[in-house]
Amino acid sequence: MVAPLLIETSNGVRCEFTESEILEGVSVPVPTRDVVGYKLKSTLECTITLTIYYYQLLENKKRERNVLELIFGIGYESKLREYMEDILKSSKPSWQSKPLLFILNPHSGAKLGELKFKYMVEPMFEEAELDFQLLKTSHRGHAKEMVSNINVNDYGAIAVGSGDGTLQEVIAGLMSHTDWESAMKMPLGIVPLGTSNGIAENILQYRKEMNRDSFVLNAAFTILKGNPISIDMLCVKTKSNKVHFGILGFGYGFVNDVDILSDTMRFMGAFRYTFKMIQQLIKNQPYSGNIYYISSDDGTDLPGLVSKDGYFTLSTEQISDKSTLWKQFEHKDLFSFYCMNTSSLGDNFIMAPDAWLGDGKIYISVMTGPMSRTNVLRLFPELDKGGHLKDANFHCIPAKAFRFEVSDNDQATMGLDGEEIDRGTIRGEVLAGMANLIM
């Protein structure tokens with residue numbers, strides 16, 4: 001005799017079937033919060049097969065795909081359908097009342113992005129019967145072009161299958177809309193198919209579901225079940241008056257050079273960072289600049305971002321550089337300088353341990369220099385463990401805005417969310433609550 005099936009939802013609703021009602025199957029606990037979809041099928045034996053798809057979160061934070069099949073007597077189809085719909089409805093985000101626009105970079109992640117989507121992400125979306133439109137990028141900047149031309153009211157959310165750069169392009173596309181403030185209310189998501197996946201890592205760290213072996217599945221599950229949370233963005237303007245928007249942070253110095261200059265070595269995987277670090281050590285390039293910031297403790301409200309005829313004016317441009325609001329960082333010799341919106345840049349590379357995406361602050365995180373090769377070799381392996389945070393040369397200052405001045409002949413790279421931007425004097429600020437990230 002088969003034991004009864006008992007499934008319990010997170011809100012205490014239970015569905016029970018007696019032994020006589022079940023013809024075949026086994027009684028197993030089904031974590032309903034992990035259920036993504038189901039199918040009902042009538043068989044020739046006058047029975048109903050209920051197939052439940054769920055991705056259970058294990059103790060090691062890895063999601064594991066499970067398929068449960070149970071066979072019931074004829075006549076229970078409507079009762080089973082109603083019950084399963086109630087389960088799914090209880091965890092279905094409101095944005096799914098409209099289609100998801102999913103933008104895939106097929107060449108991301110050493111050109112494995114499309115394969116990972118086909119065999120790991122798309123099957124989960126299909127099991128959930130998610131209504132989504134798939135678009136593929138063909139060149140750099142393509143995601144921005146596509147998003148610039150969409151009607152944002154046609155979609156409930158936009159997600160990317162790529163690295164951080166493609167999501168940055170989506171944000172740029174939304175900000176190019178005439179009604180950019182309304183467009184930026186669009187929920188945004190990311191499935192980490194690239195080689196630089198700091199945003200996805202921060203999302204999964206927030207959900208306490210970070211596992212490298214299940215990175216893609218965990219993130220895809222987040223798209224299905226996560227809700228949009230208001231987060232801050234970082235806005236920077238370069239010397240050439242180009243405006244860029246990001247989520248992670250702005251970077252300059254040794255670590256940023258290793259990140260940016262290793263971009264052409266993506267085929268090497270994570271080893272590219274070690275290889276480029278050795279090259280930069282041999283080069284022994286000095287880094288220096290003047291860092292100015294407006295403290296987050298200052299009670300003065302910044303004017304805010306202004307847009308006119310497609311041109312953005314930052315708050316810091318509306319404040320005199322001679323204003324007493326500006327404080328100067330005491331050191332000019334810099335080993336690494338980051339202006340962080342998140343606690344880490346990814347790969348557990350912690351630069352601002354107290355940072356949170358929605359705290360209305362950016363964090364001036366600096367490792368002062370000059371630094372000997374011996375110290376670099378000692379500290380670099382500690383970046384993913386946070387060992388550098390205890391170093392006397394490390395400084396972290398919460399701020400609202402910053403200004404960074406370098407000499408005209410400075411050859412170091414500058415980056416935002418791991419993407420290279422124009423060199424030269426730069427200014428930036430936090431845009432509190434500007435974006436909505438599915439988390």
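Atoms considered below: every heavy atom in the structure, side chains included; atoms not considered: hydrogens, waters and symmetry mates.
We find the CG-CD distance between L302 and Q318 to be 9.0 Å, quoted to the nearest 0.5 Å. Put simply, CG on L261 and CE on M277 are 14.0 Å apart, with the number rounded to the nearest 0.5 Å. To the nearest 0.5 Å, atom CE of residue M184 and atom CG of residue L174 are 5.5 Å apart.
Under the 3.5 Å distance criterion, the side-chain polar atoms of N341 are left unmatched by any main-chain donor or acceptor of G249. Using modelled atom types, no side-chain atom of T238 and backbone atom of D422 make a donor-acceptor pair closer than 3.5 Å. R423 contributes a side-chain N or O that, together with a main-chain N or O of Q411, makes up a donor-acceptor pair within less than 3.5 Å. Although no hydrogens or angles enter the test, the distance criterion places no donor-acceptor pair under 3.5 Å between the side chain of Q56 and the main chain of P31. One N or O on the side chain of K400 and one on the backbone of T300 form a donor-acceptor pair closer than 3.5 Å. A donor-acceptor pair under 3.5 Å links the side-chain atoms of N149 to the main chain of E145, judged by distance alone. A donor-acceptor contact shorter than 3.5 Å links the side chain of D417 to the backbone of L248. The closest donor-acceptor contact from the side chain of W326 to the backbone of S320 lies under 3.5 Å.
Between H142 and H139, the ring planes are parallel. Angles under 30° get that label, and only those over 60° would be called perpendicular. Between F254 and F335, the angle of the ring planes stays under 30°, which puts this pair in the parallel group of the 30/60° scheme.
Counting heavy atoms from C-beta outward, T342 and Y206 have side chains that stay 4.5 Å or more apart. Between F337 and F250 the shortest side-chain heavy-atom distance falls below 4.5 Å. Between D86 and E82, the closest side-chain pair of non-hydrogen atoms falls below 4.5 Å.
Exactly one residue among D34, D213, N211 makes a side chain to side chain donor-acceptor pair (under 3.5 Å) with R63. That residue is D34.
The number of heavy-atom neighbours closer than 6.0 Å to NZ of K144, taken from other residues, nucleotides and ligands shown, is 12 or below. Atom OH of Y311 sits in a crowded spot, with more than 12 heavy atoms from other residues, nucleotides or ligands closer than 6.0 Å. Crowding of E129 atom CD: a count of heavy atoms from other residues, nucleotides or ligands under 6.0 Å not exceeding 12. The environment of CG in N241 is crowded: more than 12 heavy-atom neighbours from other residues, nucleotides or ligands sit within 6.0 Å.
The pair D297-K361 does not meet the salt-bridge criterion, since no charged nitrogen lies less than 4.0 angstrom from a carboxylate oxygen. Looking at E317 and K237, a side-chain N of the basic residue comes within less than 4.0 Å of a carboxylate O on the acidic one, giving a salt bridge. Salt bridge K39/E127: absent, no basic N to carboxylate O contact under 4.0 Å. Using a cut-off of 4.0 Å between Lys/Arg side-chain N and Asp/Glu carboxylate O, E405 and K332 are scored as not salt-bridged. Salt bridge E209/K62: absent, no basic N to carboxylate O contact under 4.0 Å.
Ring centroid separation for the pair F245 and W180 does not come in under the 6.0 Å cut-off.
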